[in-house]
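Structure, as structure tokens:
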Amino acid sequence: MTITETHTKVLIVGAGPSGLMMAAQLLRNGILPVIIDSKQGPTSESKALAVQARSMEIYRQMGVIDHVIENGKKAEGVVFNEDGKAAAALSFTNVGEGQTAFPYILLYPQSKNERLLLDFLTLNCCPVYWETTLTSLKQNTEQVEVQLQNADELTTLTCDWVIGADGAHSAVRKQLQIPFNGETYGHNFYLADVELGNVELNDNRVHLYLSKQGFSAFFPMPDANRYRALGNLPDELENKESLQVEDILPGLEKTSGLSIKITETYWFTSYRLHHRMADNFRMQRCFLVGDAAHIHSPVGGQGMNTGLQDAYNLAWKLAGVVNSQLDKKILNSYAGERMPVAKALLKTTDRIFSMIMSHSWLTGLFKKLILPGLLKLVWENKAIREALFRRVSQINIAYRDSAINLHVSGATKIKAGDRLPYLKVFDEKRQEETDLHEWCTKPGFTLIVLGKLSELDLFTLAKWITQKYPGLLNFFYLPPSVKNQEVFDAFEVSGNQGKSLIIRPDMYIGFVNDKVDMTLMDNYLRNVAGVEESIVYGR
């Protein structure tokens, strides 16, 4: 399929998870992008395996979460083995209960994520132009001009904005000459998606094996008896050409202490791991998301999820600018918010991965004699266990230092820049239970008012929204009640105090105030978030 357009508002280069999520979020906000990829079609290889709670919250907001859960598998825990013997077993069952609607890690491969998002694009009449490559990119303050190669045809396309979601070898990043600094790990690794006949592994837990020779691991996959096996290549296989799954079996059996029974191989590859990050995630009218911006070791299943959140963070801001609803200055907050997240993630995953791969006698002693007991002790502590879940699930990510927040409150527990907490709400009128995240399913900002308001106050608020922010600000009101006291306690609302919250489209809190003041809310929306005057005055 050939691109017939000569101009597009947004070009997305790369149709992996990050690029597809970017397109899906733009479509939710009324923007039809052009999305291209040099591949022949979506990946059939499983690749990234874990979907974290924060990503599932995004899928819920999109209305596709039921399909994700039905076709995934919950990881029930992890078993750490030292020299083939179980050293510690940690349960993941509802480890994040009460913190999210999805208190677990879901095993749902990248290939399924891509298919899910492609179906979303298809339903919204947004095609992907496969086998189309970006060959050149030039930009100025007004637009970007790109040349695209499809078969023997060269197309020139002008764009208002370009998103580089084209992976570690990003053509967009290279055209922009943005440095991609970091290192390559010294070892080669293998990855195999296989069907196994080993009853020792048939329990929906991750089995991690540590030994002097390195490590190996088995991850259960959604299909029956199917597993992801991975590990480091033994030294004798480092330079072997045409490597086959049979070649890694002796090493895999040595580290695991198991007699591996492979009945079917679906995918096998060897590769090197890198940890790198772009010097900037934006240059004028071009942005980088996902692996084009940062790559790291697969520790904790963070990579794909971080890319999905990059796109989720940027899309509503860019849509607001394209739709002439938000000032362009809001786009500066993308790099301001996401670069610290990527930097912290690279540091953490590198530290853990380096320890796993270390051959030093001291680290070996620590892994053998101290680590198992330490893991058990830590996991038995509820507060530490919940904190670890928040980190791995990515629900702990906050943007408190962002320029698009305004915290006018004495509250210290929950502040502007925090993810909106998952709190259940009882709807007194409908006599049914819902939650705060359910209130934020529509595109746009969401105003949540807590406290007792008169009918006149509610009418005045509704009129203010209708006149100044039609279609941009959704409104929910929660009066005091015994059944909803937990919500009031969480936001530190006391006595007859009211509280107003403005939730960003990505379910982060942008504004907190200990009273309901339309002047302050106007100030936040216009001067901090940058809502255009043409929206405010209905021009």
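Taking the six-membered ring for Trp and thresholds of 30 and 60 degrees, F287 and W161 have ring planes inclined between 30 and 60 degrees apart. In this pair, W464 and Y469 present their aromatic rings perpendicular. The plane angle is above 60°, beyond the 30 to 60° band. Relative orientation of the F281 and H294 rings is tilted, given thresholds of 30° and 60° on the angle between their planes.
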Would you sort out whether E114 and K47 count as a salt bridge (Lys or Arg N to Asp or Glu O under 4.0 Å), showing the intermediate values? CA-CA 11 Å; E114 290 187 15; K47 295 188 178 180; 5.8 Å; no
Begin with the C-alpha distance, continue with both residues' side-chain angles, and end with the deciding distance and a verdict on salt bridge (Lys or Arg N to Asp or Glu O under 4.0 Å) for K329 and D327. CA-CA 5 Å; K329 69 180 181 181; D327 189 277; 5.5 Å; no
What do the steps show when you test Q25 against I58 for side-chain contact (heavy atoms from CB on, under 4.5 Å), and what is the final call? CA-CA 10 Å; Q25 293 297 323; I58 299 172; 3.8 Å; yes
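In summary, of the residues considered (N405, N313, N332), a side-chain hydrogen bond (donor to acceptor under 3.5 Å, both in side chains) with E337 occurs for N313 alone. Remark: of the listed residues R338, Q394, R54, H296, Q394 is the sole one forming a side-chain hydrogen bond (donor to acceptor under 3.5 Å, both in side chains) with T306.
Judged purely by distance below 3.5 Å, without hydrogens or angles, the side chains of H67 and D119 never pair a donor atom with an acceptor atom. If you check the side chains of N305 and S55, you find a donor sitting under 3.5 Å from an acceptor. A donor-acceptor pair shorter than 3.5 Å cannot be found between the side chains of E57 and Y312.
No more than 12 heavy-atom neighbours from other residues, nucleotides or ligands sit within 6.0 angstrom of NZ on K424.
Residues satisfying the ring-ring contact (aromatic ring centres under 6.0 Å, His included) test with F488, not counting sequence neighbours, are none. Contacts of Y508 classified as ring-ring contact (aromatic ring centres under 6.0 Å, His included), with partners at least two apart in sequence or in another chain: Y399.
Cation-pi contact between K483 and F426: present, with separation from the ring centre below 6.0 Å and deviation from the ring axis of at most 45°.
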Using distance only, find each side-chain donor-acceptor pair of residues 438-450 under 3.5 Å and give its atom names and separation, not counting sequence neighbours.
unit_1, atom_1, unit_2, atom_2, d
E438, OE1, R60, NH2, 3.0
T441, OG1, E438, O, 3.4

